[in-house]
Participant: 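Would you mind keeping the following structure in view while I ask a few things?
Residue numbers begin at 1 in each chain, while the letters A, B, ... track the order of the sequences.
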Amino acid sequence: MPELPEVEVVRAGLAPAVTGATVSSVEVLDARALTRHDAASGDFESLVTGARIEAAVRRGKFLWLPIASGRAIVGHLGMSGQLLLRTPDHPGDDRHPRVRMHLEHPEHGEYRVDFLDQRTFGSLAVDRLVPTADGAVAGYSGDVTGEWARSIPAQVAHIARDPLDPAFSDDAFVAALARRASGVKRVLLDQGVVSGVGNIYADEALWASRLHPEQPAAALAPRRSRELLGAVRDVLGRALAEGGTSFDAQYVNVNGASGYFEHSLNAYGRAGLPCSRCGTPIVREPFMNRSSHRCPRCQRLRRAAIRQTSPGA
DNA sequence: CGCAGACCCTGCAGGC
DNA sequence: TGCCTGCAGGGTCTGC
C-alpha cells in the first residue's frame with residue numbers, strides 16, 4: 001500500500017510486534033521480492049536469520065527494521081505489497097506469497113511476518129545503515145534514542161524527508177518548487193523533493209489548494225507553495241487518522257483490514273461526480289501513464305506569471 | 001543538471 | 001464465452 005498514510009499504518013502495526021523480536025528463520029518464496037537486495041553484501045537469508053530487530057522506522061513510503069551490525073531489513077510495498085502479522089500455524093494460502101519471516105518475541109512468543117505482493121514492484125532487502133546527511137533522526141519510529149536513529153539505509157538516503165517529519169524543511173521545499181519548470185504535480189511526486197506523496201494525495205492536495213496539476217511549479221508564489229505544503233500535510237494527516245485509503249483488497253494494515261479515507265476523497269477516483277466545492281463534474285486526464293483528477297472550474301491553469309523570475313540566479 | 005517518457009509485473013473491468 | 005485493451009496508489013533508469 002503505497003502512500004505515506006498507508007505505509008505508516010503498516011509501520012505502526014509492525015512496531016510493537018517486531019521490536020525486540022528475533023528472526024528464527026526466513027523463507028524466500030519468490031526471489032523477485034529481493035531485487036533491491038545487493039547480494040554482494042551477503043546472502044539475504046543468512047543476514048536476516050538470527051537478527052534481533054530494534055525498531056520499525058519509516059521515511060516517506062520506505063520502511064526499515066534496524067538490526068545489529070549496522071544494517072536494516074528494508075521494505076518497500078510498491079504498488080501492491082502487504083506485510084501481514086500472522087500466527088505460526090497460519091496456512092499462508094495466499095495467491096502471491098513472496099517472503100515469510102518467522103519471529104520469536106520474548107513476550108509475544110512466536111509469529112510470522114508475511115510479505116505478499118501481487119505486482120512485484122515491492123521489495124525486501126538487507127542494507128547497510130549510513131549516517132543521515134543532516135545528522136537528524138532518519139525517520140519516524142516513535143523512538144529517537146536508539147543507536148540506529150540517525151542512520152538510514154543506503155538505498156533510502158536519496159529520498160527526501162516527508163512533510164510529517166519534524167526535520168522537514170519548509171524553506172527548502174519552497175525553494176525546490178521555485179526552481180522547477182515542471183508541473184507542480186510532477187514535483188509533488190518527486191520523492192527527492194518531498195517523500196510520501198503519491199497519485200491520490202497529490203490530487204487531493206492540489207484540489208484543496210485549487211491548483212492545476214500542470215501549473216509550472218516555478219510560477220507559484222512562495223505563499224502559494226506554503227499553502228500547498230499545508231494542504232499536503234492536512235490530507236496526509238487526515239488519511240492517517242482514518243487508517244489510510246483503500247480501493248481494493250490490496251491496501252490493508254498488518255491484520256488485513258482496510259482504511260476509511262476513501263469516503264473523504266474530493267478529487268481522486270471521482271471523475272464525473274460533482275466537485276464538493278462548486279458542483280462542476282470532476283474530470284480525469286492522462287498524466288504520466290496514470291491519471292490526474294481535478295475540478296475544471298476550481299483548478300484552472302493560470303497563464304500569467306505570478307512570480308517574478310530572478311535573472312541573477 | 002533538469003526533464004519527459006519508458007519500463008518493471010500481475011490481475012481485473014469493460015468493450016467488442 | 002473469450003479476446004483484447006486499458007488501467008491500477010510504486011521507483012528507477014535512459015536518452016535528450
Participant: Starting from C1' on C:dG11, measure out to CD on A:Gln155 and report it in whole angstrom.
Facilitator: 11 Å

Participant: Let's see if you get this right: which residues in residues 188-198 of chain A place a heavy atom under 4.0 Å from DNA chain C?
Facilitator: A:Gln191, A:Gly198

Participant: For chain A and DNA chain B, what are the first and last nucleotides along the strand, 5' to 3', with at least one atom under 4.0 angstrom from a heavy atom of the protein chain?
Facilitator: B:dC3 to B:dC12

Participant: Describe the nucleic acid contact of A:Arg186 in one word from base, sugar-phosphate, nothing, applying a heavy-atom distance below 4.0 Å.
Facilitator: base

Participant: What does A:Ser291 touch in the nucleic acid at a heavy-atom separation under 4.0 angstrom: a base, only the sugar-phosphate, or nothing?
Facilitator: sugar-phosphate

Participant: Rounded to whole angstrom, note down the P distance from C:dC13 over to B:dC9.
Facilitator: 15 Å

Participant: Nearest whole Å is fine: how far is C:dA8 C1' from A:His293 NE2?
Facilitator: 11 Å

Participant: What is the separation between atom CZ on A:Phe62 and atom P on C:dG11, rounded to the nearest whole Å?
Facilitator: 7 Å

Participant: Between A:Asp117 and A:Arg98, is the closest basic N to carboxylate O distance under 4.0 Å?
Facilitator: no

Participant: Under the side chain to side chain contact (heavy atoms under 4.5 Å, CB included) rule, collect the residues that match up with A:Asp171, sequence neighbours excluded.
Facilitator: A:Ser169, A:Arg226

Participant: When you look for runs of 3 or more Watson-Crick or G-U pairs in a row, both distances below 3.5 Å, which of them include DNA chain B?
Facilitator: B:2-8 with C:10-16, B:10-16 with C:2-8

Participant: Do you know the tightest heavy-atom contact between A:Val193 and A:Ala176?
Facilitator: CG1-CB, 3.9 Å

Participant: Please give me the minimum heavy-atom distance between A:His37 and A:Leu124, naming the atom from each residue.
Facilitator: CB-O, 4.1 Å

Participant: Using whole Å, report how far CZ of A:Phe121 lies from P of C:dG9.
Facilitator: 11 Å

Participant: Between A:Tyr268 and C:dG9, does any side-chain N or O lie under 4.0 Å from OP1 or OP2?
Facilitator: yes

Participant: Want to settle it: does A:Ala181 or A:Asn289 sit nearer the 5' end of DNA chain B, counting the closest nucleotide to each?
Facilitator: A:Ala181

Participant: Testing A:Arg58, A:Lys61, A:Arg11 one by one against A:Asp162 for a salt bridge (charged side-chain N to carboxylate O under 4.0 Å, His left out), which residue passes?
Facilitator: A:Arg58

Participant: Nearest whole angstrom, please: distance from the P of C:dA8 to the CZ of A:Phe287.
Facilitator: 12 Å

Participant: If each of A:Met288 and A:Asn199 is mapped to the nucleotide of DNA chain C with the nearest heavy atom, which maps nearer the 5' terminus, i.e. the 5' end?
Facilitator: A:Asn199

Participant: Name all residues meeting the ring pair (Phe, Tyr, Trp, His ring centres under 6.0 Å) criterion together with A:His105; count only those two or more places apart in sequence or in a different chain, and write none if there are none.
Facilitator: A:His108

Participant: Can you give me the closest heavy-atom contact between A:Pro97 and A:Arg95, atom names plus distance?
Facilitator: CD-C, 3.4 Å

Participant: Do you know which two heavy atoms are closest between A:Ser80 and A:Thr120, and how far apart they sit?
Facilitator: OG-N, 4.2 Å

Participant: Does A:Glu242 pair with A:Arg238 as a salt bridge, N-O distance under 4.0 Å?
Facilitator: no

Participant: A:His158 near the nucleic acid: base, sugar-phosphate alone, or nothing, with a heavy-atom cut-off under 4.0 Å?
Facilitator: sugar-phosphate

Participant: Mind telling me whether A:Phe261 and A:Tyr201 have parallel, tilted or perpendicular rings, with 30° and 60° as the class edges?
Facilitator: tilted

Participant: Closer than 4.0 Å, any side-chain N/O of A:Arg36 to the OP1 or OP2 of C:dT12?
Facilitator: yes

Participant: So, using side chain to side chain contact (heavy atoms under 4.5 Å, CB included) as the criterion, who are the partners of A:Val23 when residues are at least two apart?
Facilitator: A:Val48, A:Ile53, A:Leu103

Participant: Using the P atoms only, state how far C:dC7 lies from B:dG5, rounded to an integer number of Å.
Facilitator: 16 Å

Participant: Show the nearest heavy-atom pair for residues A:Gly122 and A:Phe115, with the distance to one decimal.
Facilitator: C-CZ, 4.0 Å

Participant: Starting from C1' on C:dG11, measure out to CG on A:Leu63 and report it in whole angstrom.
Facilitator: 15 Å

